[in-house]
Amino acid sequence: MQKINFVLFFNVLIFLFLSTNSIQAQKFINQLNGKRWGITGIYEITSDRQDTLLLVRDCANEYYEFFPSGALVSSYLERDGKWNIVRDSILIFRQHNGKVFKRGTIKFASEDSITIQDKGQNGYFLEVYELCTPDDSTYVDARQVYQEFKTRSLIFGGNYMDIPTAEVGLAITRLNWNRTIYANSLNLELAPQKNIYGLSLNTWFEGKIFSYGLAGTAHSDDGNLLFGMRPMFGLTAQRFFNRNQRSGISCHLMYGYTIFLGNNSNFERQVNRDAVHLRVLIPLQKSDPQVVRKAIFHN
């Protein structure tokens, strides 16, 4: 009898817990439904400090709008997404294909304000949203404007291992606010002494010390055509060229290993499978666009 009472008591507790969660979740759903919410602030909270990362109010260009059908419309999404609340108060934002791109715990919700908590590396973030009204034309943006640096450059260099190969090409680079170079290039790879000519499409990143990237390759010796993929990793010298002035010059040394696609063993032996790539970028055109550091909502 005591065992039966204990089981009954335990089941009642579970029922009450689930009912409370359901009621709380429904409360949040009712407060969000059919409304547009604009972000007004992002704050980073750690054990010893609180930093204001973002202060903005622009309902026309930065917002989330929740619909009873579960549809989500947002300036951060190219196509309408989805939303739902799970485990009482966890708000999940999904892309149109169902992939989660943001989640957070609702810590406070009223008729005109929402606060969402998200985990950080050393603490947590608080995101504050306010209700947007149809006649709301308020615009406040306290985010810092950053100067980016873009170039169109010539590439000169080569890759060296069994067969010395010269490289020449064109690149588009972007040095962003955190001093990382993002680059794409189209390179000719020339080894005329072996009658081998190649083309590579490269994308890579350069931080203060390290660089890494990926390339698609195609090589020919007039009688054969060989395709491949080449991951790359190495060192960069961009911090020396761009420390005090934006010269636009960049240089990196990377090791690349080409994974050949196909089966042409005779030709493969004539092309560098692995090689060290030394490249120097000389700018032809420079520009300094101003950009706003947007909030990043991917977890």
Side-chain angles (χ1 to χ4, degrees), residues 148-176 178-288:
E148 284 193 340
F149 184 63
K150 294 183 178 181
T151 69
R152 298 178 185 271
S153 303
L154 284 175
I155 292 180
F156 298 98
N159 61 75
Y160 309 90
M161 195 58 74
D162 296 330
I163 302 171
T165 302
E167 290 190 50
V168 60
L170 293 171
I172 298 175
T173 71
R174 175 171 63 91
L175 179 67
N176 74 350
N178 64 358
R179 306 202 64 78
T180 299
I181 288 179
Y182 299 84
N184 296 285
S185 73
L186 184 65
N187 299 3
L188 291 173
E189 301 186 3
L190 311 172
Q193 73 277 20
K194 294 288 186 178
N195 196 32
I196 296 175
Y197 302 91
L199 188 68
S200 64
L201 182 61
N202 304 265
T203 182
W204 75 90
F205 309 90
E206 297 185 30
K208 294 181 179 180
I209 299 176
F210 298 108
S211 60
Y212 55 94
L214 182 68
T217 66
H219 290 87
S220 172
D221 65 352
D222 292 334
N224 298 279
L225 186 61
L226 186 62
F227 296 96
M229 296 293 294
R230 178 190 295 152
M232 301 174 288
F233 176 79
L235 301 173
T236 176
Q238 69 103 345
R239 64 190 185 281
F240 299 116
F241 293 114
N242 294 292
R243 175 177 295 175
N244 298 318
Q245 62 179 1
R246 296 182 172 183
S247 65
I249 300 173
S250 179
C251 178
H252 63 249
L253 183 70
M254 290 197 284
Y255 167 78
Y257 183 85
T258 305
I259 303 168
F260 293 120
L261 308 175
N263 185 14
N264 191 333
S265 57
N266 291 329
F267 188 31
E268 287 180 18
R269 285 193 292 268
Q270 301 179 56
V271 180
N272 286 334
R273 180 180 291 273
D274 56 341
V276 176
H277 300 257
L278 175 63
R279 302 186 182 109
V280 177
L281 279 70
I282 307 297
L284 297 174
Q285 184 181 36
K286 306 176 187 179
S287 62
D288 293 274

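Values in this document were obtained by computation on a predicted structure and should not be read as measured data.
- The minimum heavy-atom distance between Thr258 and Asn272, with the atom names listed, is OG1-O, 4.0 Å.
- Between Val280 and the options Cys251, Ser153, Ser250, a side-chain contact (heavy atoms from CB on, under 4.5 Å) holds for only Cys251.
- Rounding to the nearest 0.5 Å places CG of Leu175 at 8.0 Å from OG1 of Thr180.
- In this structure, Leu154 and Leu170 approach most closely via the heavy-atom pair CD2-CD2, 3.4 Å.
- In this structure, Pro164 and Gln193 approach most closely via the heavy-atom pair O-NE2, 2.9 Å.
- The closest donor-acceptor contact from the side chain of Thr217 to the backbone of Ala215 lies at 3.5 Å or more, if one exists at all.
- Between His252 and Met232, the closest side-chain pair of non-hydrogen atoms is not below 4.5 Å.
- For Ser200 and Glu189, the side-chain atoms include at least one donor-acceptor pair closer than 3.5 Å.
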Test side-chain contact (heavy atoms from CB on, under 4.5 Å) on Ile155 and Asn187; report intermediate values, then the result. CA-CA 8 Å; Ile155 292 180; Asn187 299 3; 3.6 Å; yes

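- Close placement of the Phe205 and Tyr212 rings is indicated, their centers lying within 6.0 Å of each other.
- Atoms OH and NZ, from Tyr182 and Lys150 in turn, are 12.5 Å apart once rounded to the nearest 0.5 Å.
- Annotation for Thr173 and Ala183: closest pair CG2-CB, 3.8 Å, computed over non-hydrogen atoms.
- Rounding to the nearest 0.5 Å places CZ of Phe260 at 5.0 Å from CZ of Arg273.
- When each of Lys208, Met254, Glu206 is paired with Thr236, the side-chain contact (heavy atoms from CB on, under 4.5 Å) condition holds for Glu206 and for no other.
- Nearest heavy atoms, Tyr257 versus Pro231: O-CD, 3.0 Å.
- The neighbour count for Arg152 CZ, taken as heavy atoms of other residues, nucleotides or ligands under 6.0 Å away, does not exceed 12.
- Between Met229 and Leu214 the shortest side-chain heavy-atom distance falls below 4.5 Å.
- Here salt bridge (Lys or Arg N to Asp or Glu O under 4.0 Å) pairs that include residues 247-258, with residues two or more places apart or in two chains, number zero.
- One distance of note links NE2 of His277 with CH2 of Trp204; it measures 11.5 Å at 0.5 Å rounding.
- When every heavy atom of Leu188 is checked against every heavy atom of Leu199, the shortest pair comes out as CD2-CD1, 3.7 Å.
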